[in-house]
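Written below as structure tokens is the structure these notes are about.
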Amino acid sequence: MNSKKNILVIGGCGYIGSHMVKCLLTAGHEVVVLDDLSAGFADSLLGGKLIVGDCGDRELLNQIFSQHKFDGVLHFASYIQVGESVTNPAKYYQNNVAKTLTLLETMKDHNLKTLIFSSTAAVFGEPDYSPIDEQHPRVPINPYGMSKNMVEAMLQDFDHAYDFRSVALRYFNAAGADAEARIGERHQPETHLIPLALQAVLGKRPALKVFGRDYETPDGTCIRDYIHIDDLSTAHLLALEYLWNGGETAAFNLGNGAGFSVQEVLDAVEKVAGKPVPIENTERRAGDPARLVADSSLAKKTLAWQPQYPDLSTIVQHAWQWEQKRPTC
Ligand code: UDP
């Protein structure tokens with residue numbers, strides 16, 4: 001294993017960030033978290049030092065980078081709601097793009113040039129083919145995907161101009177929770193299928209709306225690629241190690257490579273929970289492609305990454321354990 005490193009996790013109190021902090025601590029690294037707590041929770045941290053602040057605050061960043069010598073930065077702090085990005089694009093370009101530019105510039109000024117960036121399958125837009133590999137054209141169809149794509153472009157330019165090394169990781173559907181249910185998905189508002197279905201089973205909310213049964217898929221519901229949050233975190237650690245070992249700036253698609261339909265997810269939820277999911281069939285949700293499945297062979301080959309929890313049932317089981325004991329928010 002690599003020697004102990006100092007890592008800054010921006011947005012470390014969020015769903016993916018908090019599992020990443022757990023992964024880094026387990027690997028024996030020192031962790032500092034910068035989070036403004038706008039969407040994250042301080043009690044989602046299993047360790048590390050928390051600095052509450054804005055990742056676009058240049059003065060604060062200068063101060064942090066003067067006080068700490070980091071070996072790498074992981075950047076998770078972004079807004080993630082596709083629908084909101086359509087109605088309020090300014091919020092997304094301001095937070096996800098402008099603040100990230102300030103972060104990158106400040107890192108460069110402090111000669112800190114190792115970054116792992118949270119990107120998304122939304123950079124691809126409507127897929128031309130499936131599974132989606134890294135060669136697939138990137139034509140985002142909403143401001144959220146566009147904001148991530150713009151940062152990916154900035155990272156390429158920073159690499160060429162400043163020797164700034166980064167890995168952009170394009171997540172498909174992050175899901176599941178810590179196997180011991182210490183942390184898990186805690187979005188506010190929650191928009192994701194698995195927690196919503198589990199909460200509907202528990203009677204914490206009304207019936208789950210199934211957004212469309214008329215897609216061109218075997219059962220008519222949308223197909224997605226669900227990847228366990230711990231497997232996602234491991235990929236980030238491997239990406240950091242890849243950069244520390246001299247790896248070039250890159251972008252990788254992260255998923256299981258197996259697609260499951262909304263109906264298959266609901267079947268898995270019913271099996272794990274032992275109760276039916278109350279559902280309501282509704283219209284399609286705007287902007288949902290029929291099928292989004294990752295080809296992650298490049299990440300597997302380059303990073304020697306292998307998902308540990310590829311089974312949908314395990315992902316749902318961990319989410320279920322978390323959902324039963326989680327704080328109300
Ligand atoms: N979905 C649904 N009802 C919900 C939430 C999601 O039918 O209340 C569907 C959604 O249309 C998509 C899949 O579940 O096909 C996964 O959606 P989610 O929002 O979890 O993730 P996304 O794929 O949008 O990143």
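Just so it is clear, the model here is predicted, and its values are computed rather than measured. Keep in mind that the numbers below use all heavy atoms, side chains included, and drop hydrogens, waters and symmetry copies. Numbering of ligands and ligand atoms starts at 1, following listing order.
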Counting only non-hydrogen atoms and a 4.0 Å cut-off, the residues near ligand 1 are Asn173, Thr191, His192, Leu193, Leu196, Leu208, Lys209, Val210, Phe211, Cys222, Arg224, Tyr226, Val262, Arg285, Asp288
Is Arg182 salt-bridged to Asp43, going by a charged N under 4.0 Å from an acidic O?
-> no
Does Glu280 have more than 12 heavy atoms from other residues, nucleotides or ligands lying within 6.0 Å of its CD?
yes
| request: Please find out if less than 6.0 Å separates the ring center of Tyr309 from that of His318. | output: yes
Check your understanding: Would Lys113 and Asp163 pass as an ion pair if we require N to O under 4.0 Å?
Key -> no
- Item | Proximity of His236 and Phe76 rings by center, below 6.0 Å | yes
Query raised in the report: Can Lys91 and Glu84 be counted as an ion pair, charged N to O under 4.0 angstrom?
Result: yes
